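Heads up: the structure comes next, in structure tokens.
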Amino acid sequence: MNITLLFVIVAILIIFIIIYRSNAGEQTYKFVSNQGKRLYSKVAPYTYKEIRKKIKELKQDYTLQQYIGQVILFAAGGGIITYLYFYNLIISIIYGLLAVAAVPYLNYLRCKRLYSEFVFEQIQVYTTNVIMEFATTQSFVKALEGVYSSGVLEDPVKADVKVMIDMAYENGTINQSLEYMNEKYDYYMVRNMHQLFLQITNEGSKDSSESLENMSQDIDMLVEAVYRDRLDRESFYKKFLVFGLVLYGMIALVQIMLGDSYTKMLDLWYVNLLLHGIVIINTYFLLAGTKFYNENVGAE
């Protein structure tokens, strides 16, 4: 009777985890999709080495003490949680080591998110400052030169602006420069701003102040939505993690219901298999949710 009860409880627990995690992921996806597509830059053209270098320059990389703290936390957490499942020291040590192995991967995801956020902020600076410079110079190339020399930009965006300037002088037109930047930073606000400047340049508009003002307001609204979305995502992710940790602890309810019979059932291989399944499935969805939060940061 106790074995049957354990199977029922564990099966319900596994089904609940799968359904909840799947629905949570779907809701998160819809939530982010409703904000638009690509809020931040695609970092695919950049290697992780370049990303890590920039994160260090921004002083947002973990210190050695923080890395050690994470290793200790993951090892202890993985070991303690699984010991409460299996009451087996060897299994706990194995899971603790596996948990530590996830630390570099999680830091990789974190660095990519921070880098994409940094690039988005640089694109915001680029678009708003080019608009302001153009309002004064009435020349797109001169506006680029003004922004480049002002020191408000940082690499990699600053280096790409220099490439745009060189291409404009080499080709005698801004078309290739705009195409280069549009491909490098696939944002609506970048493409729309470049399209506006292309129209002004080709049509020779004498009074573009109203169009530039409207474009500037559109960028401000988009940036506000991006930062609001970032806060909402952080709040949701925290709840996601808390609930995941709570699911790990639900084994305590099973033990309370079964009493001493629980430890006796651990001698059965299929009971161990079910318990391993709970740990692995919940861990998988925690990692998948973390990957989604850090990589699929949305889009304009």
Side-chain angles (χ1 to χ4, degrees), residues 17-18 20-29 31-32 38-85 91-121 226 229-250 276-299:
I17 291 174
I18 294 175
Y20 173 79
R21 293 301 192 186
S22 298
N23 290 339
E26 182 180 355
Q27 291 171 2
T28 306
Y29 175 77
F31 171 74
V32 177
R38 286 190 292 275
L39 293 174
Y40 309 106
S41 171
K42 296 178 180 179
V43 299
Y46 306 102
T47 65
Y48 179 61
K49 183 178 180 180
E50 293 174 316
I51 293 174
R52 183 72 180 276
K53 180 180 178 182
K54 176 56 68 174
I55 296 302
K56 288 183 177 179
E57 290 178 5
L58 297 173
K59 297 181 179 180
Q60 291 183 318
D61 193 23
Y62 284 141
T63 64
L64 178 60
Q65 290 79 5
Q66 288 175 314
Y67 275 118
I68 294 175
Q70 276 198 326
V71 168
I72 295 174
L73 178 63
F74 275 67
I80 293 173
I81 288 174
T82 52
Y83 185 79
L84 294 176
Y85 273 72
I91 294 178
S92 297
I93 292 175
I94 293 174
Y95 272 108
L97 294 176
L98 291 175
V100 171
V103 172
Y105 175 68
L106 295 177
N107 186 55
Y108 162 76
L109 294 177
R110 174 181 172 274
C111 286
K112 290 192 68 175
R113 174 176 57 82
L114 292 175
Y115 186 80
S116 63
E117 291 175 353
F118 164 76
V119 172
F120 176 81
E121 292 169 358
V226 167
D229 174 74
R230 184 185 300 179
L231 294 175
D232 291 340
R233 287 174 59 84
E234 288 178 356
S235 176
F236 182 91
Y237 180 63
K238 290 177 181 177
K239 295 177 182 178
F240 179 85
L241 289 181
V242 169
F243 193 83
L245 295 176
V246 170
L247 288 179
Y248 280 126
M250 289 185 68
H276 282 294
I278 292 177
V279 174
I280 293 172
I281 290 174
N282 197 40
T283 301
Y284 168 78
F285 281 112
L286 275 174
L287 290 175
T290 300
K291 182 176 184 292
F292 184 89
Y293 168 70
N294 285 285
E295 283 195 330
N296 302 311
V297 290

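Computed from a predicted structure; not experimentally measured. Scope of the values below: all heavy atoms of this structure, side chains included, with no hydrogens, waters or symmetry mates.
Within the structure, salt bridge (Lys or Arg N to Asp or Glu O under 4.0 Å) pairs that include any residue of residues 60-81 comprise Arg52-Asp61 (at least two apart or interchain).
Looking at Asn282, its side chain never comes within 3.5 Å of a backbone N or O of Ile278 through a donor-acceptor pair. The main-chain N or O of Asp232 is never found under 3.5 Å from a side-chain atom of Ser235 such that the two would form a donor-acceptor pair. Within the 3.5 Å criterion, the main-chain N or O of Thr63 finds a donor-acceptor partner in the side chain of Gln66. In this structure a side-chain-to-backbone donor-acceptor pair under 3.5 Å is present from Arg233 to Tyr293. Counting only distance, with no hydrogens or angles, the side chain of Tyr237 and the backbone of Gly289 share no donor-acceptor pair below 3.5 Å.
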### Task
Could you walk me through whether Ser92 and Tyr85 pass side chain to side chain donor-acceptor pair (under 3.5 Å), step by step?
CA-CA 9 Å; Ser92 297; Tyr85 273 72; over 6 Å; no
### Task
Could you give me the CA-CA distance, side-chain angles and deciding distance for Glu234 and Arg230, then say whether salt bridge (charged side-chain N to carboxylate O under 4.0 Å, His left out) is met?
CA-CA 6 Å; Glu234 288 178 356; Arg230 184 185 300 179; 5.5 Å; no
### Task
Please report the C-alpha distance between Tyr95 and His276 in whole Å, then the side-chain angles of each, then the deciding distance to 0.1 Å, and finally whether the side-chain contact (heavy atoms from CB on, under 4.5 Å) criterion is met.
CA-CA 10 Å; Tyr95 272 108; His276 282 294; 2.6 Å; yes
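For the atom pair CD of Glu117 and CZ of Phe120, the computed distance is 10.0 Å after rounding to the nearest 0.5 Å. Note that CD1 of Ile93 and OH of Tyr83 are 11.0 Å apart. Values are rounded to the nearest 0.5 Å. In this structure, CG on Leu247 lies 8.0 Å from CG on Leu286, to the nearest 0.5 angstrom. Atom OH of residue Tyr248 and atom OG1 of residue Thr82 lie 9.5 Å apart, to the nearest 0.5 angstrom. Note that CD1 of Ile55 and CZ of Phe118 are 8.5 Å apart. Values are rounded to the nearest 0.5 Å. Taken from CG in Leu58 to CG in Leu114, the straight-line distance is 8.5 Å, to the nearest 0.5 Å.
Closest non-hydrogen pair, Ala75 versus Val100, comes out as CB-CG2, 3.5 Å. Here the closest non-hydrogen pair linking Phe285 and Phe240 is O-CZ, 3.4 Å.
Counting heavy atoms from C-beta on, the side chains of Asn294 and Tyr108 never come closer than 4.5 Å.
At a threshold of 4.0 Å, the pair Lys54-Glu57 counts as salt-bridged, since one of the basic side-chain nitrogens sits closer than that to a carboxylate oxygen.
The side-chain hydrogen bond (donor to acceptor under 3.5 Å, both in side chains) test applied to Gln60 returns no partner, not counting sequence neighbours.
Among Ile280, Val279, Ile281, the one residue that satisfies the side chain to side chain contact (heavy atoms under 4.5 Å, CB included) test with Thr283 is Val279.
Shown here is Tyr67, whose OH atom has more than 12 heavy atoms of other residues, nucleotides or ligands within 6.0 Å.
Under a cutoff of 6.0 Å and an axis angle of 45°, Arg110 and Tyr105 do not form a cation-pi pair.
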